[in-house]
Amino acid sequence: GERQAQIITAKAGRFGKAIHGLCEGIALGKPVEISKQYQLQIDRFKEFLDRNVQEILYVEKTVYNNEIMVAGTIDLIYKHKDNSIRLLDIKTGTIKDTIRLQLAPYQNMAEKLLDIEIYQREVLPLSRKGLTKKFKIIEYNNDSYLNDYEAFLGLLTYYRWKEKHD
C-alpha cells in the first residue's frame, strides 16, 4: 500500500538525482565515476551531446520571474550544431505531455534573464525502464510556446486561487 508507494518514490528520486548529478558533471567537463546501474542512461546522454551540442552555455541554471513569483532550474541550455539555442530537460521518470507547460516558463525566464532567444524546448528521456535503442528527443518548437506559456499562467492562477479557497 502506502508504504510500498513511499519506497518506490524514494528509490525513483535517488535514481533521478544520481542521473542528473552525473549528467551535470559530464556537461561541465568534470570527471565522473559511473556505476553500472547508470551506464545506459549516461551513454545516451553522451550520445545526445555528441549528436547535437556545439557549445554548452548553461548547466543547472536557476531562473526566476519575480512578477509571477516562479523559479526553476534548467538542466541544460546549449548551442546546437545548427547554431540555434535550445533548452533541455532531462527526465528519468514518466513523461507526460504537460511537461511542455513546465518548459514554457523556463523558456520565458531564460530569455528574459539571460538575454537569449530559445529556438526550441527539448526533453531527453533517461528513464530506468523503456530506454529504447532508438535515440529519442521530445521537441517542442516555438509554434506552441505562447500557447503553452498562457496555459501555464492559467493553471498557476487556478492553483493559487484554490490554495486561498481550500
Side-chain angles (χ1 to χ4, degrees), residues 1-28 37-38 41-42 44-45 48 56-80 84-132 136-166:
E2 188 174 329
R3 179 71 182 128
Q4 186 64 23
Q6 290 171 341
I7 292 168
I8 292 168
T9 300
K11 190 174 180 182
R14 285 192 301 274
F15 177 81
K17 188 173 182 173
I19 294 295
H20 274 83
L22 291 167
C23 290
E24 177 182 2
I26 291 164
L28 292 171
Q37 66 179 328
Y38 306 128
Q41 289 79 10
I42 297 310
R44 181 58 50 90
F45 180 67
F48 165 82
I56 293 174
L57 303 175
Y58 300 94
V59 179
E60 291 295 318
K61 181 65 180 169
T62 300
V63 292
Y64 58 90
N65 181 327
N66 287 331
E67 291 175 30
I68 60 171
M69 301 296 290
V70 171
T73 302
I74 299 170
D75 294 334
L76 192 72
I77 299 175
Y78 71 97
K79 184 184 281 188
H80 190 273
S84 64
I85 296 177
R86 301 179 183 206
L87 181 157
L88 180 76
D89 195 54
I90 296 166
K91 286 293 178 208
T92 58
T94 303
I95 299 171
K96 298 180 180 157
D97 192 46
T98 52
I99 184 64
R100 64 193 310 142
L101 303 183
Q102 174 191 350
L103 300 182
Y106 283 5
Q107 178 175 346
N108 176 273
M109 293 182 283
E111 288 181 339
K112 287 181 178 179
L113 290 171
L114 307 173
D115 195 29
I116 58 176
E117 185 176 330
I118 305 283
Y119 169 74
Q120 180 168 280
R121 297 163 283 146
E122 301 174 338
V123 176
L124 179 63
L126 296 179
S127 66
R128 187 188 313 259
K129 296 178 185 172
L131 196 61
T132 62
K136 179 182 175 187
I137 300 172
I138 301 166
E139 301 173 338
Y140 300 105
N141 64 32
N142 278 344
D143 292 344
S144 67
Y145 163 65
L146 285 177
N147 285 334
D148 293 346
Y149 187 65
E150 287 174 10
F152 167 79
L153 291 175
L155 290 168
L156 180 64
T157 300
Y158 171 74
Y159 172 79
R160 289 180 175 159
W161 173 84
K162 191 158 177 40
E163 287 288 301
K164 282 183 183 177
H165 296 89
D166 273 352

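These values consider heavy atoms only, across backbone and side chains, with no hydrogens, waters or symmetry-generated copies.
Side-chain atoms of Gln107 never come within 3.5 Å of backbone atoms of Gln120 as a donor-acceptor pair (strictly under, hydrogens ignored). In terms of modelled atom types and a separation under 3.5 Å, the side chain of Arg44 and the main chain of Leu126 share no donor-acceptor contact.
Taking the side chain to side chain contact (heavy atoms under 4.5 Å, CB included) definition, one finds that Glu24 meets it with Leu28, Val59, Glu60, sequence neighbours left out. Every residue two or more places apart in sequence or in another chain that forms a salt bridge (charged side-chain N to carboxylate O under 4.0 Å, His left out) with Lys91 is listed here: Asp89.
Atom CD of residue Gln41 and atom CG of residue Leu124 lie 10.5 Å apart, to the nearest 0.5 angstrom. Taking NZ of Lys96 as the reference point, atom CD of Gln102 lies at 12.0 Å (rounded to 0.5 Å). Taken from CG in Leu155 to CZ in Arg160, the straight-line distance is 12.0 Å, to the nearest 0.5 Å. Rounding to the nearest 0.5 Å places CG of Asn142 at 10.0 Å from OG of Ser84. Considering CG of Asp166 and CD of Glu163, their distance stands at 7.0 Å, rounded to 0.5 Å. Here the OH-NZ distance, from Tyr159 to Lys164, works out to 13.0 Å after rounding to the nearest 0.5 Å.
What you find for Tyr149 and Ala104 is that their closest heavy atoms are N-CB, 3.6 Å. Ile118 and Ile116 get closest at one heavy-atom pair: CD1-CD1, 3.7 Å. Summarising the geometry of Ile68 relative to Leu153, their closest heavy-atom pair is CD1-CD2, 3.8 Å, with the distance given to 0.1 Å. When all heavy atoms of Ala27 and Ile56 are compared, the closest pair comes out as O-CD1, 3.3 Å. The nearest pair of heavy atoms linking Gly93 to Ser127 is O-CB, 4.3 Å. In terms of heavy-atom proximity, Ala151 sits nearest to Leu101 at CB-CD2, 3.7 Å.
Using a 4.5 Å cut-off on side-chain heavy atoms (C-beta onward), Ile74 and Tyr58 make no contact. Between Asp97 and Tyr140 there is a side-chain heavy-atom pair separated by less than 4.5 Å. Residues Asn108 and Phe152 are not in side-chain contact: their nearest non-hydrogen atoms beyond the backbone lie 4.5 Å or more apart.
Applying the side-chain hydrogen bond (donor to acceptor under 3.5 Å, both in side chains) test to pairs two or more places apart or on separate chains, those with a residue in residues 66-80 are His20-Asp75, Asn52-His80, Tyr78-Glu122, His80-Asp82.
The only member of Asp148, Val123, Asn147 that meets side chain to side chain contact (heavy atoms under 4.5 Å, CB included) when paired with Arg100 is Asp148.
Counting non-hydrogen atoms of other residues, nucleotides and ligands closer than 6.0 Å to CG of Asn141 gives a total above 12.
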Legend entry - Derivation of the side chain to side chain contact (heavy atoms under 4.5 Å, CB included) call for Leu103 and Leu87: CA-CA 8 Å; Leu103 300 182; Leu87 181 157; 4.0 Å; yes
